[in-house]
Amino acid sequence: MAGIDYTERIPNNVSLHENRRLQRALEDWQPKFLEWWQDMGPNGYQAKEVYLRTAISVDAQGWAHFGYVRMPEYRWGIFLAEPEQGRQVNFGDHKGQPAWQEVPGEYRGTLRRLIVTQGDTEPASVEQQRHLGRTCPSLYDLRNLFQVNVEEGRHLWAMVYLLDAHFGRDGREESEALLQRRSGDADKPRILGAFNEKTPDWLSFFMFCFFTDRDGKYQLASLAESGFDPLSQTCRFMLTEEAHHMFVGEVGIMRIVQRACELMREHKTDDLRKHGGIDLRTMQRYLNFHCSVSLDLFGSEISTNAANFYTAGLKGRFEETKKQDDHLLNEATYGVAELDGDRIVMREEPALVSLNERLRDDYVADCARGVARWNEVIRKHGIDFELKLPHRAFHRAIGSFAEARVAPDGRVISQAEWDAKHHEWLPTEEDKAYIQSLMVPVTEPGKFANWIAPPARGINGQPVDFEYVRLA
Ligand SMILES: [Fe+2]
Ligand SMILES: [Fe+2]
């Protein structure tokens, strides 16, 4: 791969041309990435022109550059947010020291693990979503899917940059392994559970963007507080892209809710299946599923790992520097929900070991704001129904509720009640088959599948009926 013009092919603000060693590592990795993208990226659309946003620099003009691109020719760049002059480690044992520009030797293994775990989610979601293009509800949605996919690809580049630039040979090996694991593969699965689930339909996709990608937002936000400055700068820029993924999820669900309400009013029934819509009870079951598997991503309520990451200055709290406390947390406590026999109670636990739960709380509050906006649509249609977040203990596989059976309203229940009721709470085989039956592609510009309302506006000031993907 000699003769690549890195400032052109890999837009970057990390002076790649001055770093021969890093340049060689990325030269070696790039063709493997492209091979992975061809094999595991969006199936069936690699040769099509897509109206995509490309980041070519981090300033206001450069980071949202729109134009038609074939995805394999997308310019996956490496961008760090502008450095903050005089930045310090803002929490933990090293609080007040200058932020690290190089990996501190004692934290090398831990930091690498944090970066690899984050990095692994990026290609995983591309793999999970690779067949969705064939059943898109519109060209507008197809384009949004591909935008999310190429950006997750760029996030992989961002993590590989950190590994290659700061972790030597181990980093290069991890970079390769990121391309070798496969979502859902029994032998070489992706690292985290939710990233091995299937995303078989567009309702699942929008729920994934809303719930699972939002976990990404909270993980990135706490890594953006890191005392390791290159990680902080990398994550800060990734968060600007992550915001778009949340938008795709929230507005996607909102449009399905909107369409459901229209059909309910038109046909005076909440049984929408004979009218080709997705009823709100089915939406609630999908919501319950995606919310609960995403809550697991935050890990155990009580975690010494989380405490160690914090004390070491590697991973902070959400909006760490905005918090008014000592940023050491040696004395502080935090309220954590715990199982006590057949009840769920709140207990004060040492704040340091409760950091996963605290981040989960920030996440739940953010999810609740989105759900309130969906309910606003239902309310405006004068329909008496409310979508609700399930209780955090519902359907959990990780942490202190993993062994318990808990209803979405937070009641601890018996196995018998769970067996009798869980089909009311989680998507059933019938639900899945019905949703699958709706997955018929709609590819005429300006047309939308019957189960989803058109968006209020198009992308980048373009009309809704713009040809967002050129299929001809
Ligand atoms: Fe991402
Ligand atoms: Fe994302």
Side-chain angles (χ1 to χ4, degrees), residues 33 36-37 40-42 52-55 58 63-64 71 74-81 114-130 132-133 141 143-163 174-175 178-179 181 183 190-197 199 202 204-224 226 230-253 290-291 293-294 297-298 315 318 359 362-363 366-367 370 459:
F33 168 81
W36 167 81
W37 181 268
M40 297 310 295
L52 290 175
R53 178 180 74 185
T54 307
V58 295
W63 90 272
M71 285 183 278
Y74 187 79
R75 295 160 81 217
W76 281 284
I78 298 169
F79 296 106
L80 273 56
L114 278 171
I115 292 169
V116 166
T117 305
Q118 177 60 41
D120 193 66
T121 66
E122 316 289 356
S125 64
V126 175
E127 292 167 359
Q128 287 169 294
Q129 295 160 16
R130 68 182 302 255
L132 290 174
D141 290 292
R143 177 263 166 211
N144 281 351
L145 166 71
F146 294 156
Q147 183 71 50
V148 170
N149 292 160
V150 293
E151 285 175 351
E152 301 305 5
R154 205 200 66 75
H155 291 176
L156 172 60
W157 272 86
M159 294 296 119
V160 163
Y161 158 73
L162 291 174
L163 290 168
E174 294 285 12
S175 299
L178 284 167
L179 295 175
R181 286 184 288 271
S183 176
R190 291 294 174 183
I191 296 169
L192 300 171
F195 292 89
N196 288 302
E197 297 283 350
T199 310
W202 281 76
S204 302
F205 169 65
F206 291 130
M207 289 288 181
F208 181 97
C209 289
F210 184 85
F211 286 107
T212 307
D213 251 43
R214 191 178 310 273
D215 158 72
K217 168 185 164 183
Y218 279 82
Q219 300 302 336
L220 289 175
S222 35
L223 292 173
S226 183
L231 176 60
S232 166
Q233 286 175 259
T234 300
C235 291
R236 271 190 280 146
F237 185 67
M238 288 164 78
L239 282 165
T240 59
E241 292 162 322
E242 216 54 72
H244 172 256
H245 308 175
M246 315 283 93
F247 162 86
V248 168
E250 180 174 328
V251 174
I253 298 296
H290 287 272
C291 182
V293 298
S294 304
L297 290 169
F298 292 84
K315 184 180 176 186
F318 181 64
L359 193 60
D362 291 321
Y363 167 84
D366 198 23
C367 289
I459 307 291

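Atoms within a ligand are numbered from 1 in the order they appear, just like the ligands themselves.
The aromatic rings of Y74 and W76 sit perpendicular to each other, their planes meeting at more than 60°, with 30° as the lower class boundary.
L162 places a side-chain heavy atom less than 4.5 Å from the side chain of P230.
Remark: E151 engages R53 in a salt bridge, criterion side-chain N to carboxylate O under 4.0 Å.
Under 3.5 Å, the side chains of T212 and S294 contain a donor-acceptor pair of N or O atoms.
Around the Fe ion (ligand 1), protein atoms of type N, O or S found under 2.8 Å number 3.
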Is there a side chain to side chain donor-acceptor pair (under 3.5 Å) between H244 and E241? Walk through the geometry before answering. CA-CA 5 Å; H244 172 256; E241 292 162 322; over 6 Å; no

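For the pair R214 and Y218, the cation does not sit on the ring face, since its NZ or CZ is not both under 6.0 Å from the ring centre and inside 45° of the axis.
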